[in-house]
Amino acid sequence: MVCRQGQPLFGHDGAMNLLEDLKWRGLLAQSTDEKALLDALSKPITLYAGFDPTASSLHVGHLVVLVVLRRFQLAGHHPIALVGGATGLVGDPSGRNEERSLNTQDVVEEWVVRIREQVSQYLDFEAPTNPARVVNNLDWTAPMSAIEFLRDIGKHFSVNQMLAKESVSARLEAGGISYTEFSYQVLQSLDFLELFRRHNCTLQIGGSDQWGNIVTGLDLIRRVESGGAHAMTVPLLMKADGTKFGKTAGGSVWLDPAMTSPYAFFQYWLNTEDRDVINFLKVFSFLPKEDIEGIEKSHLENPGARTAHRTLARELTILVHGAQDCERVEAAARALFGQGDLNDLDEATLESALSEIPRASVANVGEIPSWVDLVVASGVVDSKSAARRIVREGGAYLNNVKITGEDFSPSPSDFFFGRFAILRKGKRDLVAVEVSKKH
RNA sequence: GGCGGGUUGCCCGAGCGGCCAAUGGGAGCGGACUGUAAAUCCGCCGGCUACGCCUUCCAAGGUUCGAAUCCUUGACCCGCCA
């Protein structure tokens with residue numbers, strides 16, 4: 001699994017292949033001296049990327065870096081995923097114009113556990129020559145005393161330079177920064193130094209907003225260990241319309257299936273704008289260049305077929321949720337969304353399709369709440385006012401048939417197999433209504 | 001510690017005693033057109049037991065027939081000075 005046939009892993013050519021591929025995918029934003037990096041990569045190196053526990057799950061934005069880490073592993077290098085048990089307690093000022101509110105230690109601890117699990121999913125720990133590692137920076141930060149920190153680490157930092165960092169200066173402009181967040185770059189630098197010492201880790205990768213923090217680490221390594229190391233960042237992904245990637249009305253698209261269902265996840269990618277779809281395939285998929293170019297060609301010839309979108313959705317859902325889930329949610333979408341008549345679906349198909357989407361339960365067919373109440377109960381809309389508005393505006397459906405009347409309620413005969421009905425809000429938001437079994 | 005400015009709905013941002021559930025923009029939502037795309041156009045966009053009622057403009061008090069708008073106190077933010 002480590003390399004594609006015919007591709008030399010190492011040596012100048014191997015390193016070249018890796019870098020050229022990253023460039024072609026648009027994954028190279030900045031790096032330290034490219035020749036030096038190329039030289040370094042001609043032998044297996046150890047590299048790392050850090051992920052701070054700022055929520056109980058990572059989201060699709062993190063996936064860019066995770067996937068790059070994996071690309072490096074596939075090319076034979078040793079990846080380390082660092083979970084920021086320490087840095088997560090402090091808060092990175094990068095890219096924020098406001099101080100973060102601190103999370104409690106308990107909460108961060110819990111998130112560390114979950115994120116550790118998540119990052120592990122994308123790396124191979126069984127690889128015979130280059131197994132992955134996961135580390136937690138709390139392990140070397142927590143035992144350090146304040147005096148040690150100030151004398152051994154702090155002494156190597158110039159406040160002048162720290163202030164000049166974009167992440168800090170932006171905040172000084174915007175209104176201020178606490179000493180806590182100001183110190184973040186020191187902690188991150190310490191991580192790089194520590195991994196350099198422990199594992200001879202000589203490359204850190206991250207989002208381009210991390211460039212400042214990363215090169216500060218390089219300085220520290222140079223000063224303390226006279227060591228040479230490298231840095232590389234991936235661009236912050238933007239959508240063609242200039243908005244942030246990975247956000248929906250409901251917030252982030254999470255990797256945790258409990259937070260973003262595999263169905264919603266698949267739909268997110270399927271609904272990618274045309275202008276972005278090829279770009280996203282390059283960034284996220286492991287499909288080789290030739291395949292993506294082929295997809296691009298057929299996409300341009302017949303965009304309506306949405307093959308590129310479908311490929312993207314599939315690749316990503318398989319990567320994050322596995323092939324089985326992908327198949328399930330795709331089948332569900334086909335069944336519910338397809339041109340076919342809902343009446344043609346058999347009970348088992350319908351049941352499994354409906355299990356993928358938001359739902360509302362009904363006690364028995366004797367007393368069925370209104371369409372409005374059901375949609376609110378499912379969580380798909382926030383208030384009855386909003387649900388009523390949708391009915392009024394002609395966006396309300398029962399079993400693919402438009403309904404009118406704000407007080408409309410489904411009747412018993414609307415339930416397939418006496419158990420299921422499907423509500424739709426607008427073009428693509430579906431709600432399953434299930435009659436719960438009698439006790 | 002002193003002086004000045006600020007805190008408005010998801011975000012930005014008007015309003016400066018009644019005409020305010022509160023202008024405008026963005027986001028979002030529905031419709032039309034399409035391809036479960038984009039752009040465009042139209043409509044919506046606090047809640048509810050809904051042509052009426054209820055709760056909002058940092059918090060708590062107060063003035064007034066009446067306050068987001070005035071006063072007092074407090075919290076937080078910003079700027080200048082020490």
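Order of the sequence lines sets the chain letters (A, B, ...), proteins ahead of strands, with each chain counted from 1.
Using modelled atom types and a 3.5 Å distance limit, the side chains of A:Glu20 and A:Asn17 yield no donor-acceptor pair. At a cut-off of 3.5 Å, with distance as the only test, no side-chain donor of A:Asp92 or A:Gln185 sits close to an acceptor on the other residue.
For residues 150-167 of chain A, every residue pair satisfying the side-chain hydrogen bond (donor to acceptor under 3.5 Å, both in side chains) rule, not counting sequence neighbours, is listed here: A:Lys165-A:Thr216.
Annotation: B:G31 and B:C76 have their C1' atoms spaced 44 Å apart (nearest Å). Nucleotides B:C48 and B:A67 place their P atoms 26 Å apart, quoted to the nearest Å.
Using a 4.0 Å heavy-atom criterion, one finds that A:Arg392 contacts no nucleic acid atom at all. As judged by a 4.0 angstrom heavy-atom cut-off over every strand, A:Gly304 is placed among the base-contacting residues.
Listed pair A:Arg428 / B:C29 fails the phosphate criterion, with no side-chain N or O lying under 4.0 Å from OP1 or OP2. Distances shown here put a side-chain N or O of A:Ser385 below 4.0 Å from the OP1 or OP2 atom of B:C48.
Pairing for B:A39 is absent, with no Watson-Crick or G-U wobble pair whose two atom distances lie under 3.5 Å.
Between the side chain of A:Arg306 and the base of B:G35, at least one donor-acceptor pair of N or O atoms lies under 3.5 Å. For A:Lys427 and B:U34, a side-chain-to-base donor-acceptor distance below 3.5 Å is present, hydrogens and geometry of angles not being considered.
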